[in-house]
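I have placed the structure first, in the form of structure tokens, so that the comments after it can refer back to it.
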Amino acid sequence: AVPTEVVIGPDGAFYVSTLTGAPFENALAKVYRVVPGQIPTVYQSGFRTIIDIDFGPDGSLYVLEHSAASPGFAAPGRITRITPDNVRHVINTGTTLMRPTAILVDEDGAIYVSNKGAGFAQGLGEVLKIVQ
């Protein structure tokens, strides 16, 4: 697995997401919680192609998957919000995520996602704003 993103969580720990190698099997990608001087622990698991992560203002973790189902990268992407009490919600983006590459959650909870960021012709990429 290859680290794809490192963010500092609301607790001050580092959170590191992983992207597994081909064939990108379901449920192998993870998010680790890393505290300096301690052994990293799995914070969340069961993902496929984590490409980016971010924390929202309420402490929820947002996981962006480049492609959420087999085969390869052909399937639409997905955003999963994991609340501080460990409840998962798939975010309705209002559009199909096609090869998304980055996520940012602002202080008001709005989600910004770069869509069509890989494998599309120049000029077709877009940034989506998703308000929950």
Side-chain angles (χ1 to χ4, degrees):
V2 176
T4 54
E5 185 63 37
V6 177
V7 297
I8 298 175
D11 61 355
F14 295 99
Y15 290 80
V16 180
S17 60
T18 61
L19 177 65
T20 60
F24 304 103
E25 294 184 32
N26 291 329
L28 293 183
K30 299 176 175 87
V31 177
Y32 291 87
R33 182 174 182 269
V34 180
V35 175
Q38 297 180 15
I39 295 172
T41 58
V42 174
Y43 180 68
Q44 295 291 327
S45 62
F47 296 97
R48 184 169 178 274
T49 57
I50 300 174
I51 194 73
D52 200 7
I53 58 175
D54 198 15
F55 279 94
D58 68 348
S60 292
L61 175 65
Y62 291 79
V63 176
L64 176 64
E65 290 178 271
H66 191 71
S67 177
S70 297
F73 286 133
R78 174 174 58 200
I79 301 170
T80 303
R81 175 180 175 242
I82 305 162
T83 62
D85 58 349
N86 206 31
V87 177
R88 291 186 181 198
H89 306 273
V90 174
I91 300 296
N92 180 355
T93 62
T95 189
T96 301
L97 293 180
M98 296 305 299
R99 302 184 100 182
T101 55
I103 188 169
L104 178 111
V105 183
D106 74 12
E107 64 276 354
D108 295 324
I111 304 166
Y112 296 87
V113 177
S114 59
N115 198 33
K116 300 177 184 173
F120 283 84
Q122 185 175 353
L124 292 181
E126 59 189 2
V127 175
L128 305 174
K129 180 179 182 181
I130 302 158
V131 180
Q132 303 179 70

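All figures in this text were calculated on a predicted structure; none of them were measured in a lab.
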Residue pairs fulfilling salt bridge (Lys or Arg N to Asp or Glu O under 4.0 Å) with at least one residue in residues 34-46, sequence neighbours excluded: none
Test side chain to side chain donor-acceptor pair (under 3.5 Å) applied to Thr95 - qualifying residues, sequence neighbours left out: none
Remaining members of the apolar cluster that contains Val35, side-chain heavy atoms under 4.5 Å: none
Linked hydrophobic residues, Leu104 as query - side chain contacts closer than 4.5 Å: Tyr112, Val127
Sequence-distant partners of Asn92, side chain to side chain donor-acceptor pair (under 3.5 Å), two or more places apart: none
Single-linkage hydrophobic cluster, 4.5 Å side-chain cutoff, Ile82 and Val31 together: yes
Connected via hydrophobic side-chain network under 4.5 Å: Val113 and Ile51: yes
Asp52 side chain vs Leu64 backbone, donor-acceptor pair below 3.5 Å: no
For Lys30 against Val42, the heavy-atom pair lying closest together: CD-CG2, 3.9 Å
Member of Arg99, Arg78, Glu65 meeting the side chain to side chain contact (heavy atoms under 4.5 Å, CB included) criterion with Thr49: Glu65
Hydrophobic cluster membership, Val34 vs Ile8, 4.5 Å side-chain cutoff: yes
Closest non-hydrogen atom pair, Met98 against Asn115: N-OD1, 2.8 Å
Partner set under side chain to side chain donor-acceptor pair (under 3.5 Å) for Tyr15, not counting sequence neighbours: Asp11, Arg33
Remaining members of the apolar cluster that contains Val87, side-chain heavy atoms under 4.5 Å: none
Name of the residue among Thr41, Thr18, Val6 meeting side chain to side chain contact (heavy atoms under 4.5 Å, CB included) with Tyr32: Thr18
Distance in Å, Ile111 CD1 paired with Thr93 OG1, rounded so as to fall on 0.5 Å steps: 9.5 Å
Heavy-atom donor-acceptor pair, Thr80 side chain to Val63 backbone, under 3.5 Å: no
Listed partners of Arg88 passing salt bridge (charged side-chain N to carboxylate O under 4.0 Å, His left out), at least two apart: none
Distance-only donor-acceptor pairs under 3.5 Å for side chains of residues 53-62, two or more places apart:
| unit_1 | atom_1 | unit_2 | atom_2 | d |
| --- | --- | --- | --- | --- |
| Asp54 | OD2 | Val105 | N | 2.8 |
| Asp58 | OD1 | Ser60 | N | 2.9 |
| Asp58 | OD1 | Ser60 | OG | 3.0 |
| Asp58 | OD2 | Ser60 | OG | 3.2 |
| Asp58 | OD2 | Arg81 | NH2 | 2.6 |
| Ser60 | OG | Arg81 | NE | 3.2 |
| Ser60 | OG | Arg81 | NH2 | 3.2 |
| Tyr62 | OH | Arg81 | NE | 3.3 |
| Tyr62 | OH | Gln132 | NE2 | 2.8 |

Qualifying salt bridge (Lys or Arg N to Asp or Glu O under 4.0 Å) pairs with a residue from residues 100-111, counting only residues at least two apart or across chains: none
Results of side chain to side chain donor-acceptor pair (under 3.5 Å) for Thr101 - residues two or more places apart only: Ser114
